[in-house]
Visitor: 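First the structure, which I've put down as structure tokens, then a few questions once you've had a look.
All values derive from a computational prediction rather than experimental measurement.
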Amino acid sequence: MPRPIRASFKLSALRHNLGVARRHAPRSKIWAVVKADAYGHGLVRVAQALAAAEGYALLDLNEAVRLREAGIAKPILLLQGIFQPADLQIVDRYGLTTVVHDVEQILMLERARLSSHIAVCLKLNTGMNRLGFAGSRVRAVYGRLQAGGKAAAISLMTHFADADGPAGVAAQLARFVEWTHGLQGEVTFANSAAVLRYPETHADWVRPGIMLYGCSPFAGASAEALGLQPVMTLTSEIIAVHDLEPGDRVGYGGTFEATRPMRIGVVACGYADGYPRHAPGFNDRNTPIVVAGKRTASVGRVSMDVLCADLSAIPEARVGSPVTLWGEGLSADEVAASAGTVSYELLCALAARVPQQEIE
């Protein structure tokens with residue numbers, strides 16, 4: 001029998017969360033962001049479940065080809081564009097839309113021999129200072145794309161740096177409007193946070209990502225409060241139980257010390273499964289976990305293959321008792337916050353060795 005750990009994916013939750021995005025931006029088309037193997041949820045299964053989206057956005061050219069070869073015919077947006085000239089032959093062959101954020105990509109496009117014109121999305125750097133063209137260059141680049149004769153259509157995009165934070169989107173939005181005044185083409189701004197918080201950013205297309213997977217883009221608002229449902233649930237079982245006396249320590253480095261008689265359970269899940277090693281299990285700070293339907297906390301350092309949970313208040317817990325690491329009943333956002341990270345990292349880090357199950 002395999003280890004009891006399992007990741008289940010609730011496809012109805014994906015469709016529900018897409019509906020939440022649709023209700024917030026009813027006049028916009030949706031690029032469903034499925035990069036990084038759909039945030040660890042499985043690229044093809046997610047794309048098929050999100051068939052109501054108008055298009056898909058990702059980074060990896062191989063993932064775009066996988067979607068096409070799986071029968072996905074809707075638009076696919078390459079969020080970082082091409083990386084070398086040969087990529088354009090694949091973009092041409094599979095009818096992809098490519099972001100252009102650097103002059104080198106324009107040079108590749110100008111020199112390419114293509115069978116047809118390709119759709120191009122011009123990215124502006126309005127304040128994120130990662131990818132994109134800044135103000136004084138935008139019109140010249142747009143004109144160059146038009147004159148080059150390779151672009152079937154030119155759309156426009158930017159990415160917000162703090163749509164989930166106090167700075168908001170106003171300054172970046174104002175720059176975008178100023179720099180693109182009079183330019184033609186569809187526009188896309190909004191990530192999950194902007195979809196939920198800033199209707200003025202919805203434009204022609206929105207680009208929801210983390211919200212589709214049932215997690216919140218905001219530190220101060222739970223996914224449940226936003227009407228989102230978790231898609232991935234990571235579960236396991238207790239595989240051993242120990243009684244501790246005061247002074248007994250748990251795990252590598254003995255980072256947890258029992259201050260009272262207590263009972264702990266060993267869970268078949270560790271950092272080799274994708275659980276964060278840095279999730280705390282100290283005396284004064286720990287990570288939530290659910291055992292036999294009851295909330296408790298981790299104890300000790302996470303190991304490669306196991307972690308430990310406090311069973312002192314769950315007398316019915318025993319070997320074989322079910323454990324929820326995150327998902328239904330315990331938000332990945334909360335686990336991530338305890339570990340000093342974000343739910344994106346937890347979801348994307350799910351290891352290939354964890355068995356997977358689809359649930360309609």
Visitor: Is there a side-chain contact between Leu114 and Leu109 (heavy atoms, below 4.5 Å)?
Guide: yes
Visitor: Specify the closest pair of heavy atoms between Gly55 and Trp205, including all atoms of both residues, with the distance to one decimal.
Guide: N-CZ3, 3.9 Å
Visitor: Out of curiosity, Gln172 CD to Phe160 CZ, how far, rounded to the nearest 0.5 Å?
Guide: 6.0 Å
Visitor: Report yes if the side chains of Pro261 and Asp243 come closer than 4.5 Å at any heavy-atom pair, otherwise no.
Guide: no
Visitor: Looking only at the side chains, is there a donor atom on one of Thr255 and Arg301 sitting less than 3.5 Å from an acceptor on the other?
Guide: no
Visitor: Give a yes or no answer on whether the side chain of Ser28 reaches the backbone of Ala203 with a donor-acceptor pair at less than 3.5 Å.
Guide: yes
Visitor: Under a 4.5 Å side-chain heavy-atom rule over Ile, Leu, Val, Met, Phe, Trp and Tyr, are Val20 and Phe218 clustered together?
Guide: yes
Visitor: Check step by step if side-chain contact (heavy atoms from CB on, under 4.5 Å) holds for Leu346 and Asp333.
Guide: CA-CA 9 Å; Leu346 267 60; Asp333 294 320; over 6 Å; no
Visitor: What about Leu156 and Leu79, same hydrophobic cluster or not, with Ile/Leu/Val/Met/Phe/Trp/Tyr joined at side-chain heavy-atom distances under 4.5 Å?
Guide: yes
Visitor: Are the side chain of Thr158 and the backbone N or O of Leu124 linked by a donor-acceptor pair below 3.5 Å?
Guide: yes
Visitor: Could you check whether any side-chain N or O of Asn283 sits under 3.5 Å from a backbone N or O of Glu257, counting only pairs where one atom can act as donor and the other as acceptor?
Guide: yes
Visitor: So that I know where these two stand, are Phe133 and His101 an aromatic pair - ring centroids less than 6.0 Å apart?
Guide: no
Visitor: Hey, are the side chains of Tyr142 and Ile154 touching, using non-hydrogen atoms and a 4.5 Å cut-off?
Guide: yes
Visitor: At what distance, to the nearest 0.5 angstrom, does CG of Leu234 lie from OG1 of Thr324?
Guide: 8.5 Å
Visitor: Salt-bridged, Asp204 to Lys29, with N to O below 4.0 Å?
Guide: no
Visitor: Are any side-chain N or O atoms of Arg263 and backbone N or O atoms of Ala317, one a donor and one an acceptor, separated by less than 3.5 Å?
Guide: yes
Visitor: Would Glu63 and Arg68 satisfy salt bridge (Lys or Arg N to Asp or Glu O under 4.0 Å), going step by step from the backbone distance to the final call?
Guide: CA-CA 9 Å; Glu63 288 192 334; Arg68 285 286 187 254; over 6 Å; no
Visitor: With the threshold set at 4.0 Å, does a side-chain nitrogen-carboxylate oxygen contact exist between Asp310 and Arg260?
Guide: yes
Visitor: If only atom types and distance count, is the side chain of His202 paired as donor or acceptor with the main-chain N or O of His24 below 3.5 Å?
Guide: yes
Visitor: How far does CH2 of Trp326 sit from CG of Leu347, to the nearest 0.5 angstrom?
Guide: 7.0 Å
Visitor: I'd like to know if the side chain of Arg175 and the backbone of Ala170 have a donor-acceptor N/O pair within less than 3.5 Å.
Guide: no
Visitor: Which atom names give the shortest non-hydrogen contact between Ile82 and Thr98, and what distance separates them?
Guide: N-OG1, 3.6 Å
Visitor: Please examine the side chains of Tyr94 and Leu61, heavy atoms only from C-beta on, and report whether any two atoms are closer than 4.5 Å.
Guide: no
Visitor: Locate the shortest heavy-atom distance separating Val250 from Leu244; write the atom from each residue and the value.
Guide: CG2-CD1, 3.6 Å
Visitor: Quick one: do Leu96 and Ile118 satisfy side-chain contact (heavy atoms from CB on, under 4.5 Å)? Show the steps, please.
Guide: CA-CA 7 Å; Leu96 309 177; Ile118 63 173; over 6 Å; no
Visitor: Do Asp162 side-chain atoms and Asp164 backbone N/O form a donor-acceptor pair below 3.5 Å?
Guide: no
Visitor: Under a 4.0 Å N-O cut-off, is there an ion pair linking Glu328 with Lys10?
Guide: yes
Visitor: Could you please spell out the steps behind the side-chain contact (heavy atoms from CB on, under 4.5 Å) verdict for Val323 and Val290?
Guide: CA-CA 6 Å; Val323 177; Val290 172; over 6 Å; no
Visitor: Could you check whether any side-chain N or O of His159 sits under 3.5 Å from a backbone N or O of Met128, counting only pairs where one atom can act as donor and the other as acceptor?
Guide: no
Visitor: Tyr213 versus Met232: any side-chain heavy-atom pair under 4.5 Å?
Guide: no
Visitor: Minimum heavy-atom separation for Ser116 to Asp92, with atom names?
Guide: OG-OD1, 3.1 Å
Visitor: Hey, what do you get for NE2 (His41) to CG (Leu11), rounding to the nearest 0.5 Å?
Guide: 10.5 Å
Visitor: Just wondering, are more than 12 heavy atoms of other shown residues or ligands nearer than 6.0 Å to CZ in Phe83?
Guide: yes
Visitor: Pair Arg3, Glu237 - check salt bridge (Lys or Arg N to Asp or Glu O under 4.0 Å), show working.
Guide: CA-CA 9 Å; Arg3 291 170 71 229; Glu237 294 179 3; over 6 Å; no
Visitor: Of all the heavy-atom pairs spanning Ser343 and Cys215, show the shortest one and how long it is.
Guide: OG-CB, 3.4 Å
Visitor: Are Tyr344 and Tyr39 close enough, and set up right, to give a side-chain contact (heavy atoms from CB on, under 4.5 Å), and what steps lead you there?
Guide: CA-CA 7 Å; Tyr344 305 69; Tyr39 290 50; 3.8 Å; yes
Visitor: Taking Thr180 for its side chain and Leu183 for its backbone only, find out whether a donor-acceptor pair lies under 3.5 Å.
Guide: no
Visitor: Mind running salt bridge (Lys or Arg N to Asp or Glu O under 4.0 Å) on Asp37 and Arg45 for me, showing each step along the way?
Guide: CA-CA 10 Å; Asp37 195 33; Arg45 77 157 62 97; over 6 Å; no
Visitor: Can you see which heavy atom on Ser216 is nearest to which on Ala223, and at what distance?
Guide: CB-N, 3.7 Å
Visitor: Are the ring centres of Phe176 and Phe189 closer than 6.0 Å?
Guide: yes
Visitor: Is the shortest heavy-atom distance from the side chain of Val354 to the side chain of Arg6 under 4.5 Å?
Guide: no
Visitor: Determine whether more than 12 heavy atoms belonging to other residues, nucleotides or ligands lie under 6.0 Å from atom NZ of Lys74.
Guide: yes
Visitor: Donor-acceptor pair, Asn17 side chain versus Leu212 backbone, under 3.5 Å?
Guide: yes
Visitor: Can you tell me how far CD of Gln89 sits from OG of Ser115, rounded to the nearest 0.5 angstrom?
Guide: 8.0 Å
Visitor: To the nearest 0.5 Å, tell me how far Tyr252 OH sits from Ser303 OG.
Guide: 5.5 Å
Visitor: Is the number of heavy atoms from other residues, nucleotides or ligands under 6.0 Å of Arg130 CZ greater than 12?
Guide: no
Visitor: CD of Gln357: more than 12 outside heavy atoms within 6.0 angstrom?
Guide: yes
Visitor: Answer yes or no: are there more than 12 heavy-atom neighbours, outside Glu224 itself, under 6.0 Å from its atom CD?
Guide: no
Visitor: Given side chains that start at C-beta, do those of Thr97 and Leu78 come closer than 4.5 Å, heavy atoms only?
Guide: no
Visitor: With heavy-atom distances below 4.5 Å as the criterion, would you say the side chains of Thr233 and Ser8 are in contact?
Guide: yes
